[in-house]
Protein chains: 2
Amino acid sequence: MNQPRVFLVDDHELIRTGIRSELAGVVELVGEADEVAAAIDMIIERSPDVVLLDVHMPGGGGVAVLRAVGDARPSVRFLALSVSDAADDVIAVIRAGARGYVTKNISGAELADAIYRVAAGDAVFSPRLAGFVLDAFSLEGRHLEAGDVDPELDQLTTRERQVLRFIARGYTYRDVAVELAISPKTVESHVSSVLRKLQLTNRHQLSRWASERHLL
Amino acid sequence: MNQPRVFLVDDHELIRTGIRSELAGVVELVGEADEVAAAIDMIIERSPDVVLLDVHMPGGGGVAVLRAVGDARPSVRFLALSVSDAADDVIAVIRAGARGYVTKNISGAELADAIYRVAAGDAVFSPRLAGFVLDAFSLEGRHLEAGDVDPELDQLTTRERQVLRFIARGYTYRDVAVELAISPKTVESHVSSVLRKLQLTNRHQLSRWASERHLL
DNA sequence: CACGCAGTAGGGGAGAACCCCGAGAAGAGC
DNA sequence: GCTCTTCTCGGGGTTCTCCCCTACTGCGTG
């Protein structure tokens with residue numbers, strides 16, 4: 001294969017410089033961006049093979065780029081690059097469509113290898129991440145807010161949503177009360193509100209409602 | 001790294017021979033099995049680093065091996081090997097705990113590379129598979145292998161199964177009684193039997209049990 | 001025929017669920 | 001300051017769940 005055409009998105013100048021020099025001569029760097037909006041425009045314009053994408057950026061982060069470009073240029077593959085190995089971050093970008101996720105402590109050679117693999121269609125994960133990404137998958141994807149707006153869910157207050165999750169899992173009022181360190185009566189109160197707002201009549205319907213929305 | 005210790009499970013003699021010669025000198029082959037039960041025993045006994053596991057085998061398939069060994073030897077990593085690239089197969093083994101999945105048309109060198117990567121903790125997928133595995137993840141995989149014979153479900157009488165379905169949908173005893181034209185007390189009676197036989201304690205667990213088996 | 005099993009049904013009770021009502025504290029907004 | 005929402009908590013009551021127990025009927029098997 002020829003050198004893959006790579007686009008680099010990161011808001012840290014230093015990191016871009018480091019990556020640029022590590023990858024010099026190994027891949028074809030077709031552009032860089034240091035913020036979300038510019039990244040989206042340039043990626044769509046240049047259609048690189050692989051986008052090296054920082055996860056944490058002002059203006060929506062890497063997920064925003066993935067969403068925007070994914071529709072316009074589905075052939076562009078994304079390799080998420082992050083200092084974080086937090087499960088939520090990883091899962092969020094994977095769900096948004098990234099084909100790989102590596103942390104920034106990998107070597108230049110490993111990064112190059114990862115880019116070639118992603119360009120070839122492989123999925124690439126750092127060893128430490130592979131485990132829980134697949135675990136999360138095998139357990140069944142936990143939900144991710146990240147954007148989608150649910151008018152019904154939005155009616156609920158934060159506390160009500162917390163209570164809802166326990167109830168939908170089959171916890172009794174008493175269990176939830178212990179879990180949240182409040183009175184069972186308060187739990188009851190929240191559940192009543194939830195049932196009323198969602199126009200449901202009992203906890204079984206609530207369980208179904210929640211599981212349809214993948215809140216469990 | 002030293003050569004990883006590899007165990008090979010496949011019911012086709014020809015394929016085992018092929019793999020054996022391809023991997024000779026590259027990895028340390030510590031054993032082989034051609035059927036599920038033997039595979040489970042030998043893997044647990046020998047604790048290899050990586051198990052090369054055929055997906056389609058009589059006696060439960062690779063998933064049965066994954067399940068049985070996963071509990072006893074959680075450190076053993078599995079690389080699923082299959083002629084099939086059907087989404088259901090792939091997803092089933094991933095959910096059962098496999099750390100990788102490659103099809104049998106890969107080269108010996110690629111297979112060796114995949115084994116080393118899995119041994120190191122990486123997740124490995126054939127290019128063609130990486131896409132939809134991650135797609136399934138991002139959409140949220142909700143596939144189940146077809147339920148063949150279910151010993152737990154078999155314990156239940158016809159009537160108990162009828163009642164179970166209503167209860168799992170959130171019907172009250174009274175509702176079910178009306179539906180089946182019997183007394184609520186009889187419904188209660190059946191539910192008690194079901195809970196006892198399945199060793200569950202309440203209707204919520206029953207709902208989960210039923211939905212896992214697609215009885216709704 | 002005796003026995004076990006599936007299906008039917010009821011009594012009684014402890015605890016959970018769900019409903020009505022009211023009410024105080026804390027914070028956000030006009 | 002006043003209001004509105006959220007979160008908190010209680011009393012009191014009805015219904016539902018789940019458990020214990022007993023008991024009758026019909027049906028197939030040894």
Side-chain angles (χ1 to χ4, degrees), chain A residues 143 145-146 148-213 215-216, chain B residues 147 149-216:
Chain A
H143 92 298
E145 53 279 45
D148 13 318
V149 193
D150 186 326
E152 292 200 281
L153 191 57
D154 272 359
Q155 308 175 46
L156 304 183
T157 68
T158 311
R159 201 54 155 174
E160 284 165 355
R161 265 174 269 185
Q162 286 173 8
V163 172
L164 157 62
R165 294 186 193 195
F166 288 113
I167 294 299
R169 283 197 190 107
Y171 283 52
T172 65
Y173 293 154
R174 182 174 301 171
D175 293 338
V176 180
V178 169
E179 210 69 37
L180 297 179
I182 56 180
S183 152
K185 269 298 190 180
T186 304
V187 176
E188 201 184 319
S189 182
H190 288 310
V191 172
S192 287
S193 301
V194 171
L195 291 178
R196 181 175 37 76
K197 286 181 179 177
L198 300 181
Q199 298 184 300
L200 303 176
T201 64
N202 61 46
R203 57 164 52 226
H204 308 299
Q205 295 176 7
L206 197 56
S207 290
R208 305 206 108 201
W209 186 90
S211 83
E212 279 168 11
R213 279 168 179 67
L215 298 180
L216 307 180
Chain B
V149 188
D150 189 326
E152 293 200 281
L153 190 57
D154 274 357
Q155 305 175 41
L156 304 183
T157 67
T158 312
R159 203 56 157 171
E160 284 164 354
R161 265 174 272 185
Q162 287 172 7
V163 172
L164 158 61
R165 293 184 194 200
F166 288 113
I167 294 298
R169 285 195 187 107
Y171 282 52
T172 65
Y173 293 154
R174 181 172 302 170
D175 293 339
V176 180
V178 169
E179 210 67 38
L180 297 179
I182 56 180
S183 152
K185 268 299 188 182
T186 305
V187 176
E188 207 185 313
S189 209
H190 290 311
V191 173
S192 287
S193 302
V194 172
L195 291 178
R196 182 176 37 76
K197 287 181 178 176
L198 301 181
Q199 297 186 300
L200 302 176
T201 64
N202 60 49
R203 54 194 293 139
H204 180 269
Q205 294 175 8
L206 197 56
S207 290
R208 301 218 124 193
W209 186 90
S211 82
E212 280 169 12
R213 280 165 179 68
H214 289 176
L215 298 180
L216 306 183

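Order of the sequence lines fixes the chain letters, A, B, ..., with proteins taken first and strands second; residue numbering starts at 1 for each chain.
- For B:Leu206, the side chain to side chain contact (heavy atoms under 4.5 Å, CB included) partners two or more places apart in sequence, or in a different chain, are B:Leu164, B:Ile167, B:Val194, B:Leu195, B:Leu198, B:Leu200.
- The side chain to side chain contact (heavy atoms under 4.5 Å, CB included) search around A:Ser189 returns none, not counting sequence neighbours.
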Extract all donor-acceptor atom pairs below 3.5 Å that involve side chains of residues 170-180 of chain B and protein atoms in other chains or at least two apart in sequence.
from	atom 1	to	atom 2	distance (Å)
B:Thr172	OG1	B:Arg174	N	3.4
B:Thr172	OG1	B:Asp175	N	3.1
B:Thr172	OG1	B:Asp175	OD1	3.4
B:Thr172	OG1	B:Asp175	OD2	3.1
B:Asp175	OD2	B:Thr172	N	3.2

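- In this view, B:His204 satisfies the side chain to side chain donor-acceptor pair (under 3.5 Å) rule with no residue, not counting sequence neighbours.
- Applying the side chain to side chain contact (heavy atoms under 4.5 Å, CB included) test to B:Ser183 and every residue at least two apart in sequence or in another chain returns B:Lys185, B:Thr186.
- Remark: side-chain polar atoms of A:Arg161 are paired, donor with acceptor, to backbone N or O of A:Leu156 under 3.5 angstrom.
- Across residues 177-187 of chain A, A:Ile182, A:Ser183, A:Lys185, A:Thr186 each have a non-hydrogen atom less than 4.0 Å from an atom of DNA chain D (numbered order).
- Rounded to 10°, the helix from C:dC1-D:dG30 to C:dC30-D:dG1 has 30° between the axis fitted to its first five pairs and the one fitted to its last five.
- Rounding to the nearest 0.5 Å gives a distance of 14.0 Å between OG of B:Ser207 and CZ of B:Arg165.
- Atom CD of residue B:Glu160 and atom CZ of residue B:Arg196 lie 7.5 Å apart, to the nearest 0.5 angstrom.
- Here chain B contacts DNA chain D (any atom closer than 4.0 Å to a heavy atom, that is under 4.0 Å), and the contacts span D:dC16 to D:dC19 from 5' to 3'.
- Taking every nucleotide of DNA chain C with any atom under 4.0 Å from a non-hydrogen atom of chain A, the first and last of them, 5' to 3', are C:dA16 to C:dC19.
- Applying the side chain to side chain donor-acceptor pair (under 3.5 Å) test to A:Thr201 and every residue at least two apart in sequence or in another chain returns A:Gln205.
- Atom CD1 in B:Ile182 sits 11.5 Å away from atom CD in B:Glu188 (nearest 0.5 Å).
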